[in-house]
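See structure below.
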Amino acid sequence: MKVITTEQAAGLVRDGDTVLIGGSGSGHAVPEGLIEAVERRFLESGAPRAITSIHPVGLGDRGERGASRFAHDGLLKRIVCGTVVDAPKIAAMASRNEIEAYTLPQGALSQLIREIAAGRPGLISHVGLHTFVDPRQSGGRQSGRSTEDLVEHIELKGREWLFYKPFHIDVAFLRGTTADEDGNISMEQEAVFGEMLSMAQAARRCGGLVIVQVKRLARRGTLPGKTVKIPGMLVDAVVVMPDQKQTYQTFYDPAFAGEMRIPLDSFPSLALDERKIVARRCAMELAPGAICNVGSGICTGIGLVAAEEAILDAITLTNEQGIIGGAPASGLDAGAGRNYAAMIDQPYQFDFYDGGGLDIAFLSAVEVDAQGSVNISRFAGRIVGIGGFVNISQNARKMVFGGTLTAGGLKAAAGGGRLTIVNEGKHRKFVPELEQISYSGRYARERGQITLFVTERAVFQTSDHGLELIEIAPGIDLEAQVLGQMNFRPRVSDKLKLMDARLFRPERMGLDAQFVGKQRALHPRLT
């Protein structure tokens, strides 16, 4: 193993190389120094050119960092990732058809890397069927230049599947906290593990280089073997960056690293607005012992509500990055977590999700149609991508989508157990047709999945009739403020009821009282 500079690392990337990059979202274990060095070299010398960038999770701070550093004419040929929302310059290049762009399920890419490491032919999965990832729709393509089929539809033993094709890896850019003199890498200060080991193994299988960015060096033999996440036998070179931040936003939070647990009353409290109302109503679907996923966006507030209601320790919240238990972080730190019980590698988390391990999942919905199908991946001229959305939404036993009824300037006020719309949103989110299908309502019903849509003023469920309105907020006019703000008319339940008045009051709702004396059902063999 060699210790090299960022400039030397960037110089190892050749024209046309495929670069596999570790890390997640807003800087969680992202080797930013290596990415920046490639950009700097290109701007100074015009090389490397026409590279392919592959990373399961979107990388960036929604500004200049992360994958956006590759957004220069000639530098990037193709990007394959879960989402480009974190790298708006990449999304813009895809929209202008300047690069090949594919957004595939985060879990499928994560698991595919393991398949590459083992030399297997690719990944066979049900995840993505009947969505835009399905090649019978668009095969995950997000630009006109994206002509290669990265996904195939196949039949095996009387079932339909998607086959995700493998790729060759020339260079892997990874990150850890500490490297010893033999190249063994530990990740004690990182907020996520990701799939660093699988990436290193996959690059080695392809004959590619493994370069790891770390914060510090240690003497040979001083890292406890159990703390090593990437064995030195897989590492070709290390770059040391002492000022390495934990995330783009946070220099270091010991709770993100699992060094400490914070009291429940130390969690930030949400202001009583439309976002908290949605998070509260979603939290009402929780049950003692429930194993859940909480997605990004408005649903990250569910963990804070659970902490406020003193029920956080009675449920298990997870996120796709591998956090189990505690409360997933929100905002730009989403992907990290505090007070977690375990942090596992991302591919294993998706194995659990794909196998139906989630009792209930909470995800955001940008557009919804009359059949209860959802679009989050491409809308209003924006390319977002899919992240772990498909793995989670297709496989949870119960799916709850959270979001406001309208968007663009919406402002709501709650008080006295009632809701008032102060300013209506400009954009309607319940629309007759979706640009891309990220979640198929019809397919969900065929599989018997329970699906709810929670907004600040109304709650819907899917039925044989499609979308059905089942709850409305006190103080809201049904025709003018619900049905009149949708571009199709859903079925209104004969048993339409008012949303719980506690949602619209500032004090705690008392959800903990509903959990007293209850626990997760035991396995049948234990009863």
Side-chain angles (χ1 to χ4, degrees), residues 6 9 21-37 55-69 82 86-87 106 173-180 184-197 199-200 211-218 223 227-230 238-262 266-268 294 296 300 303-304 317-346 349 387:
T6 55
I21 305 175
S24 173
S26 298
H28 307 63
V30 175
E32 184 68 18
L34 301 179
I35 300 170
E36 181 182 7
H55 44 91
V57 193
L59 303 180
D61 60 353
R62 307 204 174 191
E64 303 293 324
R65 290 183 284 191
S68 279
R69 294 192 182 278
D86 299 301
Q106 180 176 326
F173 281 171
L174 310 179
R175 191 178 109 175
T177 302
T178 308
D180 72 9
N184 295 302
I185 308 295
S186 62
M187 298 183 68
E188 63 270 22
Q189 291 188 1
E190 305 307 319
V192 300
F193 288 150
E195 50 277 286
M196 298 295 176
L197 174 59
M199 287 182 167
I211 304 172
V212 186
Q213 175 187 314
V214 296
K215 187 173 184 178
R216 57 199 181 189
L217 291 175
L223 288 181
T227 69
V228 173
K229 291 298 294 183
I230 310 174
V238 165
V239 173
V240 182
M241 301 197 68
D243 58 348
Q244 176 172 287
K245 294 176 66 176
Q246 196 174 37
T247 75
Y248 290 137
Q249 179 174 272
T250 302
F251 184 80
Y252 186 66
D253 184 333
F256 287 171
E259 285 185 5
M260 62 176 289
R261 297 171 71 88
I262 63 175
S266 297
F267 283 87
V294 176
S296 60
T300 56
L304 298 179
L317 298 182
T318 71
N319 68 18
E320 55 267 41
Q321 283 82 0
I323 301 298
I324 298 173
S330 59
L332 283 178
D333 278 333
R338 297 182 177 93
N339 291 18
Y340 47 85
M343 179 191 291
I344 66 174
D345 286 9
Q346 185 168 251
Q349 190 80 302

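Scope of the values below: all heavy atoms of this structure, side chains included, with no hydrogens, waters or symmetry mates.
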Less than 4.0 angstrom from a charged side-chain N to a carboxylate O is my criterion; do [X] and [Y] meet it?
X	Y	result
E36	R65	no
D253	R338	yes
K215	E190	no

Nearest atoms (heavy-atom pairs only) where [X] meets [Y]:
X	Y	value
H55	A67	NE2-CB, 3.9 Å
A9	V239	CB-CG2, 4.0 Å
T247	S26	CB-O, 3.5 Å
M260	N339	O-OD1, 4.5 Å
M187	V192	CE-O, 3.4 Å
A200	I230	CB-CG2, 3.8 Å

Value rounded to 0.5 Å, distance of [atom1] in [X] from [atom2] in [Y]:
X	Y	atom1	atom2	value
K229	L197	NZ	CG	7.0 Å
D345	Q321	CG	CD	12.5 Å
I344	F193	CD1	CZ	10.5 Å
L59	D86	CG	CG	7.5 Å
D180	T227	CG	OG1	9.0 Å

Does some side-chain heavy atom of [Y] sit less than 4.5 Å from a side-chain heavy atom of [X]?
X	Y	result
I323	T318	no
N184	S186	no
H28	F256	no
V228	I185	no

- request: Step through the shown structure and confirm whether more than 12 heavy atoms of other residues, nucleotides or ligands are within 6.0 Å of CD on E259.
  value: yes
- prompt: Going through the checks in order, is the side chain to side chain contact (heavy atoms under 4.5 Å, CB included) test met by L174 and M199?
  reply: CA-CA 8 Å; L174 310 179; M199 287 182 167; 3.6 Å; yes
Between [X] and [Y] (side chain of the first, backbone of the second, donor and acceptor by atom type, cut-off under 3.5 Å), is there such a pair?
X	Y	answer
E320	Q349	no
R175	V30	yes
Q213	G33	yes
T6	L34	no
Y340	G258	yes

Six-ring centre of Y252, K245 cation under 6.0 angstrom, axis tolerance 45°: no
query: Step by step, would you call E195 with Q346 a side-chain hydrogen bond (donor to acceptor under 3.5 Å, both in side chains)?
result: CA-CA 6 Å; E195 50 277 286; Q346 185 168 251; 2.6 Å; yes
- request: Start with the C-alpha gap between I35 and I21, add the side-chain angles, then the distance that decides, and say whether side chain to side chain contact (heavy atoms under 4.5 Å, CB included) holds.
  value: CA-CA 9 Å; I35 300 170; I21 305 175; 4.0 Å; yes
- prompt: How far apart are the C-alpha atoms of Q244 and R216, what are their side-chain angles, what is the distance that settles it, and do they pass the side chain to side chain contact (heavy atoms under 4.5 Å, CB included) test?
  reply: CA-CA 9 Å; Q244 176 172 287; R216 57 199 181 189; over 6 Å; no
field: M343/I324 under side chain to side chain contact (heavy atoms under 4.5 Å, CB included): CA gap, chis, key distance, verdict
entry: CA-CA 6 Å; M343 179 191 291; I324 298 173; over 6 Å; no
